[in-house]
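Just so you know, ligand 1 is whichever comes first in the structure, and atom 1 is the first atom listed for that ligand. Treat the numbers as computed from the prediction; the structure is a model and nothing was measured.
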Amino acid sequence: MRPTNKSARSLLDIELRVRRLADAATLAKALGVSHPTILRIIQERGNEVIRIGTTKNARYALRRSLRGNPEPIPVYKVDEKGKGSLLAYMHLADPEGAVLDVKGMGWPAPIDGSPWWDGLPYPLTDMRPQGFLGRSLARQIAKTFGVSENPEEWSDDDVIHVLTIKGNDNQGNLIIGDTAYQDFLHTVIHPVTSITEDELSQQYIELAQTATRFGGGGSSAGGEFPKFTAKRMLNEASNPYVIVKFSGADDSPAVRRWSDLLVCEHLALDVIRQSGSLCAPLSRIIQAGGRTFLEVERFDRVGEFGRIGTASLASLDNAYVGMGSGSWIDAAQKLVTERVIPSGLVEDISLMWWFGKLIANTDMHFGNLTFMIEPSLKLSPAYDMLPMLYAPLAGGEVPLREFELSLPKPQEEPTWSLAFNLAIKFWEAASKDVRITNSFRALCEMNLRLLQRVDEKLGMSNSG
Ligand SMILES: Nc1ncnc2c1ncn2[C@@H]1O[C@H](COP(=O)(O)OP(=O)(O)OP(=O)(O)O)[C@@H](O)[C@H]1O
Ligand SMILES: [Mg+2]
């Protein structure tokens, strides 16, 4: 064998670190060696160099170790029956970036979607600890894992490190790393017992106390509102896993308003579920220990062990569009143009968006819309759908707010009208629900009257 060009060999690392990803021709030119020589140098490096694509079109990156471990990271999937399988390997690049064949995994991606990611591959962005529960987890593990108490400050390596060890119960159906996967298998062999109806109120009171005091209670589900996850027994439920949001336990105006809003969230889900046009999970309100609990069944779980993959609009937009914020409809249309999602989904997304607008939901960020990946891509059941216009301020003040009705452009009228009908049902239900305070019910009734007046004047409710 010919001795390899030593300086070219050490230059390879520098070139790859600077370029992140490069083909053989570029590298040969940069290092001043022939094409066969660069291929030989790369081959000699074995697993230290990651190769994307076939020999002719191959691109190369330098491998990064995760906390000293250079092995590629296995990505497991748990299917709807609860059976786990190895789906792909994720390779980390030096100094940053990753290789994960998201398209090959069956996840939404453009036809020519590259397996290269400048940062975290998008499926991991929904799995990373975030919001109320993410901060709780971070506070508990910060010292042992050597990570910040604020998960928003975590590097990609911190996120991956934590997920490979603690991430056996993520949003969706993916698990990365052998340790987390072994933990999942362990939970199948030794399942957690479900909370029975008899003990539910007491358990929820305790779980809320723990969640606020120590920031514990479950591991997945983002979002800023105080919440915990639980497993409960309920005959009519399709699975035992729930996300439970809860209000404070005192009688302050802010707490009373949050309680009203949790009841509204439940009513909005009910209206959507009964609409026949869109889906919403089963939910219920439990009032105990001075708190209002909103218990919502998880749509990414099936039966006791089954799971379904999910991808938020936030993660897809970030990967393929880059709007960051704005209308769900605009972002969805851009994803259609990029051929990430089929055009048939825009109708449902528009209906959900208009319903939100017409019930004064001012918090429809891209994290509040999700797609179900299996069996074929569709909009997930609704969540976080409530009149956030009326949310108290962070300091506890409950400001007076005026609801302004959003009107459609002519081409949007059919969908808007459907949403308008549902919104009337929502305001009607909220104005009658005795779990809501009188003052807020009066406000809901005012909004009902507003919609009814608009209907009388414009005749747009399609109610025939
Ligand atoms: N029924 C559900 N099944 C599965 N996942 C869910 C469900 N409801 C919510 N989630 C997930 O949990 C996250 C947090 O839920 P949600 O948005 O309701 O909380 P939040 O604290 O009100 O959020 P935000 O920070 O947007 O105010 C969602 O972004 C979604 O990924
Ligand atoms: Mg949310």
Side-chain angles (χ1 to χ4, degrees), residues 78 80 122-137 151-152 167 169-174 208 211-212 215 217-232 234 237-247 257-259 261-266 268-270 272-273 278-284 292-303 306-318 325 328 352 356 361-374 378-394:
V78 178
E80 291 176 42
Y122 86 79
L124 269 67
T125 56
D126 286 333
M127 289 158 65
R128 68 178 291 168
Q130 51 199 300
F132 181 85
L133 293 180
R135 278 196 305 278
S136 314
L137 176 76
E152 280 163 29
D169 183 24
N170 307 310
Q171 176 74 28
N173 69 349
L174 298 182
T212 40
S219 58
S220 56
E224 295 300 331
F225 201 82
K227 60 175 81 56
F228 55 83
T229 55
K231 188 178 175 195
R232 58 93 173 95
L234 186 67
S238 70
N239 81 70
Y241 300 98
V242 287
I243 294 175
V244 185
K245 292 187 188 174
F246 57 91
S247 72
R257 176 57 60 86
W258 278 122
S259 164
L261 289 173
L262 287 174
V263 178
C264 283
E265 190 170 344
H266 162 69
L269 293 179
D270 252 5
I272 292 171
R273 217 181 42 258
L278 295 171
C279 296
L282 204 66
S283 71
R284 40 179 197 163
T292 298
F293 296 89
L294 168 67
E295 179 201 73
V296 185
E297 193 176 299
R298 280 180 72 165
F299 51 71
D300 57 343
R301 295 292 180 263
V302 187
R307 298 184 182 186
I308 298 186
T310 59
S312 71
L313 178 62
S315 68
L316 288 176
D317 168 72
N318 190 37
S325 62
W328 290 348
M352 197 74 96
N361 186 357
T362 48
D363 193 31
M364 289 192 284
H365 57 74
F366 288 179
N368 279 341
L369 192 81
T370 283
F371 298 93
M372 313 286 283
I373 298 201
E374 285 107 5
K378 65 172 188 207
L379 188 61
S380 85
Y383 61 90
D384 215 4
M385 189 47 92
L386 64 156
M388 280 294 281
L389 174 68
Y390 303 110
L393 301 180

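The atoms of ligand 1 that sit less than 4.0 Å from any heavy atom of Val296 are 1 (N). Within the listing of ligand 1, atoms 4 (C) sit less than 4.0 angstrom from a heavy atom of Asp300. Remark: ligand 1 atoms within the under-4.0 Å shell around heavy atoms of Glu224 are 20 (P), 21 (O), 23 (O), 24 (P), 25 (O). Those atoms of ligand 1 that come under 4.0 Å of a heavy atom in Asn368, given as number and element, are 17 (O), 26 (O).
Glu224 has a carboxylate O that lies under 4.0 Å from a charged side-chain N of Arg135, or vice versa, which qualifies the two as a salt bridge.
The shortest N/O to N/O separation between His365 and ligand 1 falls below 3.5 Å. Distances between N or O atoms of Asp384 and those of ligand 1 include at least one value under 3.5 Å. In terms of polar-atom proximity, defined here as any N/O pair under 3.5 Å, Glu265 makes no such contact with ligand 1. Taking only nitrogen or oxygen atoms, main chain and side chain alike, Pro281 does not reach within less than 3.5 Å of ligand 1. Ligand 1 has no nitrogen or oxygen under 3.5 angstrom from a nitrogen or oxygen of Ile243.
The part of Asp363 lying near ligand 1 is the side chain, judged by heavy-atom distances below 4.0 Å. Only the side chain of Tyr383 comes within contact range of ligand 1, with a heavy atom under 4.0 Å; no backbone atom does.
Judged as a salt bridge (charged side-chain N to carboxylate O under 4.0 Å, His left out), the pairs with a partner in residues 379-394 (not counting sequence neighbours) are, in order, Lys245-Asp384.
Checked by atom type, the side-chain pair Ser259/Ser247 shows no donor-acceptor distance below 3.5 Å. Using modelled atom types, one finds a donor on one side chain and an acceptor on the other under 3.5 Å when comparing Ser315 with Asp126.
Under the side chain to side chain contact (heavy atoms under 4.5 Å, CB included) test applied with Glu297, the options Ser283, Ser238, Pro381 reduce to a single match, Ser238.
The main-chain N or O of Asp363 is found under 3.5 Å from a side-chain atom of Asn368 such that the two form a donor-acceptor pair. Panel note: side chain Arg128, backbone Pro151; a donor-acceptor pair is recorded below 3.5 Å. Arg301 places no side-chain N or O within 3.5 Å of a backbone atom of Ile308 that could act as its donor or acceptor partner.
Screening the protein for N, O or S atoms under 2.8 Å from the Mg ion (ligand 2) yields 2; no waters enter the count.
Taking CZ of Phe225 as the start and CG of Leu294 as the end, the distance is 9.0 Å to the nearest 0.5 Å.
Between Phe293 and Phe228, the ring planes lie perpendicular to each other; the angle is over 60°, past the 30° to 60° tilted range.
Note on ligand 1: Met388 sits outside its first shell, no heavy atom being nearer than 4.0 Å. Distances shorter than 4.0 angstrom occur between a heavy atom of Gly367 and an atom of ligand 1. Between Lys227 and ligand 1 there is a heavy-atom distance shorter than 4.0 Å.
A heavy-atom distance below 4.5 Å is not found between the side chains of Phe366 and Ser312.
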*Checking side chain to side chain contact (heavy atoms under 4.5 Å, CB included) for the pair Arg284/Leu234: CA distance, chi angles, key distance, verdict?*
CA-CA 11 Å; Arg284 40 179 197 163; Leu234 186 67; 3.7 Å; yes

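In this structure, Lys378 places its NZ atom where only 12 or fewer heavy-atom neighbours from other residues, nucleotides or ligands lie under 6.0 Å away.
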